[in-house]
Amino acid sequence: MADVDLIATAQPHLLPGYAGFCPQYKFRCGETYGSLTHKLLLDPTINHAETLILSNRATDDYEVTRPPKDDVEFVNARTKRTDATFLHPMVPGYEGFMPRLNAKYGQRYSVLATEGLAEFEREYLKNKAALNELNKVISVQSGHGKPRNLKDRLLLESKFKLPMLTVRPDCVGVMRNLPVDEQCERPRDHAPSPYFMENTNPNKFFISGYAGHIPYGYAHFGTTNVPMTNSSLCEFTTNYRTRQSTEWAPVSISRPDPPLLIQPAEIYHKHVGLLPNYLGHVPGSVFRFGKTFGADTKDAKRWLRGDFSI
């Protein structure tokens, strides 16, 4: 029976499927991946690291240094002050929220979760200590608390004491709570359409080689591209704005309100006589003779007004 050592690949070697870098591997061929990497790792003429990237866990000097011991103690100490949900070691496959885990890569899940949770716990305790120190200063300087040491007594001699007093109550919230109307600035258009540029704009033309439609281009020919497209676009813009202000403008119909008292039409004018052959009734015309019909009717109307000096 053949020996197992003759069949198995000698150590050290890289396992097939290893996606890392192996020096001089792309320049060798004709052997299996295991036997070729075994020769490359032991070849003294190849520049590689002094120590192998593979570690022998069977020896006594092998030791896992991550996560650090301090991080493990920080995580487990959370059970003394609160009902901790996370404990070391973290179980891989947990899909819940884990603090400070998104920005960490390159290690196992339990290592990254422990280090992230320990970092979060350190920052939380630091912020809590700063808040407690601020509350202590406020209580001592406001007179609600008593100084217990020399540092607390020096807080009473400070020029500025907490909490700060409002000097001008009428100015509170001027810049913080009151809304400020800011003028809306239209963003600059770096690529405006040549159709709607001003006619005086020197860039109002189509570049040479433009194969699209040129409005009013059929009426401008015989010149170069820039003057032709510029005059065509100016004519288009002028016509468009003219029609926009006249034909396309909304029509507003306004009717005046009817008068409250409708006056009847006058039959007898005050200073003008009636036309001849008028067959209607003219008050007082039967008592007047010797005048034309227009003058007679004019005198009759004077009589109606109360003017009897005829």
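- A ring pair (Phe, Tyr, Trp, His ring centres under 6.0 Å) with Tyr195 is found for exactly one of Tyr240, Tyr216, Phe206, namely Phe206.
- At least one side-chain heavy atom of Thr237 sits under 4.5 Å from a side-chain heavy atom of Lys204.
- A donor-acceptor distance shorter than 3.5 angstrom exists from the side chain of Asn132 to the backbone of Lys128, with no hydrogens or angles considered.
- Under the 4.5 Å side-chain heavy-atom criterion for ILVMFWY residues, no single connected hydrophobic cluster contains both Phe120 and Leu125.
- Side chain of Asp43 to backbone of Lys39: no donor-acceptor contact under 3.5 angstrom is found.
- Pro23 approaches Asn47 most closely through the heavy-atom pair CB-O, 4.1 Å.
- Under the 4.5 Å side-chain contact rule for hydrophobic residues, Leu101 and Val75 share a cluster.
- Taking the six-membered ring for Trp and the full ring otherwise, the centers of Tyr18 and Tyr33 sit at least 6.0 Å from each other.
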Requested in this report: Please step through side-chain contact (heavy atoms from CB on, under 4.5 Å) for the pair His38 and Leu42, ending with a clear verdict.
Outcome: CA-CA 6 Å; His38 171 70; Leu42 298 180; 3.3 Å; yes
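- By the rule that hydrophobic residues join a cluster once side-chain heavy atoms approach within less than 4.5 Å of another member, Tyr109 and Leu112 end up as members of one cluster.
- By the rule that hydrophobic residues join a cluster once side-chain heavy atoms approach within less than 4.5 Å of another member, Phe97 and Val111 end up as members of separate clusters.
- If you take CZ on Phe205 and OG on Ser232, they are separated by 13.5 Å, rounding to the nearest 0.5 Å.
- Two residues are said to be in side-chain contact when any heavy atoms from C-beta on lie closer than 4.5 Å; Asp70 and Arg122 meet this criterion.
- Counting only distance, with no hydrogens or angles, the side chain of Asp152 and the backbone of Arg148 share a donor-acceptor pair below 3.5 Å.
- No more than 12 heavy-atom neighbours from other residues, nucleotides or ligands sit within 6.0 angstrom of CD1 on Ile207.
- Taking CD from Gln24 and NZ from Lys26, the interatomic distance works out to 8.5 Å, rounded to the nearest 0.5 Å.
- Residues Met228 and Phe236 share a hydrophobic cluster, clusters being chains of Ile/Leu/Val/Met/Phe/Trp/Tyr side chains in contact below 4.5 Å.
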Query raised in the report: Stepwise, does the salt bridge (charged side-chain N to carboxylate O under 4.0 Å, His left out) test hold for Arg241 with Glu198?
Result: CA-CA 11 Å; Arg241 293 179 178 176; Glu198 296 295 336; 3.4 Å; yes
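- Between atom OG1 of residue Thr114 and atom NE2 of residue His88 there is a gap of 5.0 Å, rounded to the nearest 0.5 Å.
- Here the SG-CG distance, from Cys234 to Asn239, works out to 13.0 Å after rounding to the nearest 0.5 Å.
- With rounding to the nearest 0.5 Å, the separation of OG1 in Thr223 from CG in Asn230 is 10.0 Å.
- The shortest non-hydrogen separation linking Pro68 to Glu115 is CD-OE2, 3.8 Å.
- Between Tyr25 and Leu14 there is no side-chain heavy-atom pair separated by less than 4.5 Å.
- Rounding to the nearest 0.5 Å places CG of Asn199 at 4.5 Å from OG1 of Thr238.
- Of all non-hydrogen atoms in Pro215 and Leu233, the two that sit nearest each other are CG-CD2, 4.2 Å.
- The shortest heavy-atom contact between Pro67 and Val72 is CG-CG2, 4.0 Å.
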